[in-house]
Amino acid sequence: MKKCLLCGSSVEPFLSFGPMPRANGFLRLEEFEREYFFPLEAAFCPGCAMVQITEQPEPERMFNASYPFFTGSSRRMALHFEEFAKEAARHLPPSSNPLVVEIGSNDGTMLACFAGAGMRHLGVEPSLNAAQAARDRGLKTVSEFFTLDLARRIVQDEGRADTIVAANVMCHIRDLHSALDGVRLLLKPRGLFWFEDPYVGDVLEKTAYDQIYDEHAYLFSVSSISRLLKRHGLEVVDVQPMPTHGGSNRFTAAHRGALPVSRTVAAFLEREKRLELHHRETYDRFRKRCEESRDRLTALLKDLRRAGKRVVGYGATSKSTTVINYCGITTDLMEFICDTTPLKQGTFSPGAHIPVRSHEQFLSPYPDYALLFAWNHRDEIMEKEGGFREKGGRWILYVPTVGLSN
Ligand code: TYD
């Protein structure tokens with residue numbers, strides 16, 4: 001029996017994807033032979049209600065000098081982080097010279113907003129290339145994983161933080177015990193800890209199984225994260241749903257008992273009870289929906305191939321790695337995937353080895369169909385790709401259901 005990484009209870013696996021490559025393991029031809037695979041399996045813990053994957057590659061395999069994800073690559077996400085930073089700054093506890101620490105600061109997109117307002121700041125980013133991009137724009141950044149030990153050193157060198165922020169990072173950290181002990185140590189007595197991560201409630205509701213991949217060690221619910229934070233002397237004081245990443249929650253946390261708790265938290269907990277997020281059967285039903293979604297998508301792509309249509313993927317997202325390999329999408333079914341990230345262009349998708357090309361290749365000439373892997377940026381992409389539709393191109397969507405859209 002596999003044990004919960006957080007509470008030690010026996011977990012209940014509910015969805016096995018088989019051998020999977022790293023979601024961001026875009027690779028070159030000469031690397032095909034050494035490609036790394038691990039068994040991807042999602043499980044539910046009846047002890048603490050945390051949804052988790054039962055095995056995760058070593059963190060250094062995922063977040064290293066060639067991590068291909070840069071926050072600044074989406075204009076809307078950059079605006080979202082600007083808004084997030086402004087909200088955190090507005091709620092800064094009174095302090096003469098506040099310090100803001102960002103865990104997983106990537107290329108500094110959000111940290112730059114604090115720095116721009118003249119605040120003391122420190123980014124923590126283990127991926128060397130992203131950390132360097134942040135330093136190049138003058139942002140103070142340490143290239144390490146956030147642990148209790150690092151928190152101790154930050155306190156020694158910089159003092160305690162008034163605000164700690166983390167966007168799409170906490171759910172990546174397998175050893176959350178060390179990270180949360182670090183937050184507790186680093187955060188001032190009346191400081192705020194803000195973090196935003198994909199919400200398991202949205203994943204279930206939208207059958208967004210593609211949120212399950214190596215980097216996502218956990219999918220948080222309000223109840224599972226509240227319980228965990230309490231074990232570390234912290235408390236969720238507010239939750240706000242966010243549209244990012246197809247449905248996320250922005251949590252505000254503080255030292256336990258330090259601040260009043262918003263009524264929203266209790267409302268979320270009630271809703272999660274109604275949704276039966278703490279019942280194993282809920283996850284079994286989810287698995288059935290995933291299997292149906294997979295079968296429909298595969299059938300659609302095969303029909304299009306038989307009809308001689310050109311199909312490409314749009315957005316070489318981390319999520320696409322799960323979809324492509326789970327649905328068995330091969331180069332027969334998909335010509336290439338276009339992506340605006342220079343580091344991904346010229347590589348091949350993990351596992352299925354579908355070529356990743358530039359956005360220009362999408363335009364000349366347009367394909368007949370485009371499978372929208374970057375569905376979380378749907379509005380932004382639809383707005384900018386009006387020309388594709390005008391030329392008769394059609395989008396293939398798979399979240400929340402498989403279908404075509406004009
Ligand atoms: P992201 O939203 O972070 O998804 P994930 O967390 O699953 O990786 O990544 C979006 C990807 O899509 C990224 O590689 C950039 C690419 N992209 C485009 O190619 N064109 C676009 O217009 C947008 C918004 C993103």
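All ligand and atom numbering here is 1-based and tracks the order in the structure.
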Item to check | Minimal non-hydrogen separation, Lys344 against Ala316, with atom names | outcome: NZ-O, 2.9 Å
Item to check | With His279 via ring-ring contact (aromatic ring centres under 6.0 Å, His included) - residues at least two apart | outcome: none
Next on the checklist: On a heavy-atom basis, I'd like to know which of Arg76, Glu383, Lys319, His359 is closest to atom 7 (O) of ligand 1.
Outcome noted: Lys319
Checklist entry - Does an N or O anywhere in Glu380 fall below 3.5 Å from an N or O of ligand 1? => result no
Next on the checklist: Looking at ligand 1, is there an atom of it that comes within less than 4.0 Å of some heavy atom belonging to Met77?
Outcome noted: no
Checklist entry - With a cut-off of 4.0 Å, which atoms of ligand 1 are near a heavy atom of Lys384? => result 20 (N), 21 (C), 22 (O)
Checklist outcome for this item: So for Asn168 against ligand 1, with non-hydrogen atoms under 4.0 Å, the contacting part is neither
Next on the checklist: Which of the numbered atoms in ligand 1 are under 4.0 angstrom from any heavy atom belonging to Thr341?
Outcome noted: 13 (C), 14 (O), 15 (C)
Next on the checklist: Can you tell me which portion of Ile381 lies within the under-4.0 Å heavy-atom range of ligand 1? Options are side chain, backbone, both, or neither.
Outcome noted: side chain
Item to check | Distance-only polar pair, side chains of Asn24 and Glu215, donor-acceptor under 3.5 Å | outcome: yes
Checklist entry - Which atoms of ligand 1 are found less than 4.0 Å from any heavy atom of Lys344? => result 13 (C), 14 (O)
Checklist entry - Are Asp149 and Thr147 linked by a side-chain donor-acceptor pair shorter than 3.5 Å? => result no
Checklist entry - Going by atom types alone, do Tyr283 and Glu12 pair a side-chain donor with an acceptor below 3.5 Å? => result no
Checklist entry - How far apart are the C-alpha atoms of Arg378 and Glu385, what are their side-chain angles, what is the distance that settles it, and do they pass the salt bridge (charged side-chain N to carboxylate O under 4.0 Å, His left out) test? => result CA-CA 10 Å; Arg378 181 176 168 166; Glu385 300 295 0; over 6 Å; no
Next on the checklist: Quiz question: by atom type and distance under 3.5 Å, do the side chains of Asn129 and Ser127 form a donor-acceptor pair?
Outcome noted: no
Checklist outcome for this item: ligand 1 to Tyr213, heavy atom cutoff 4.0 Å, flagged ligand atoms 6 (O)
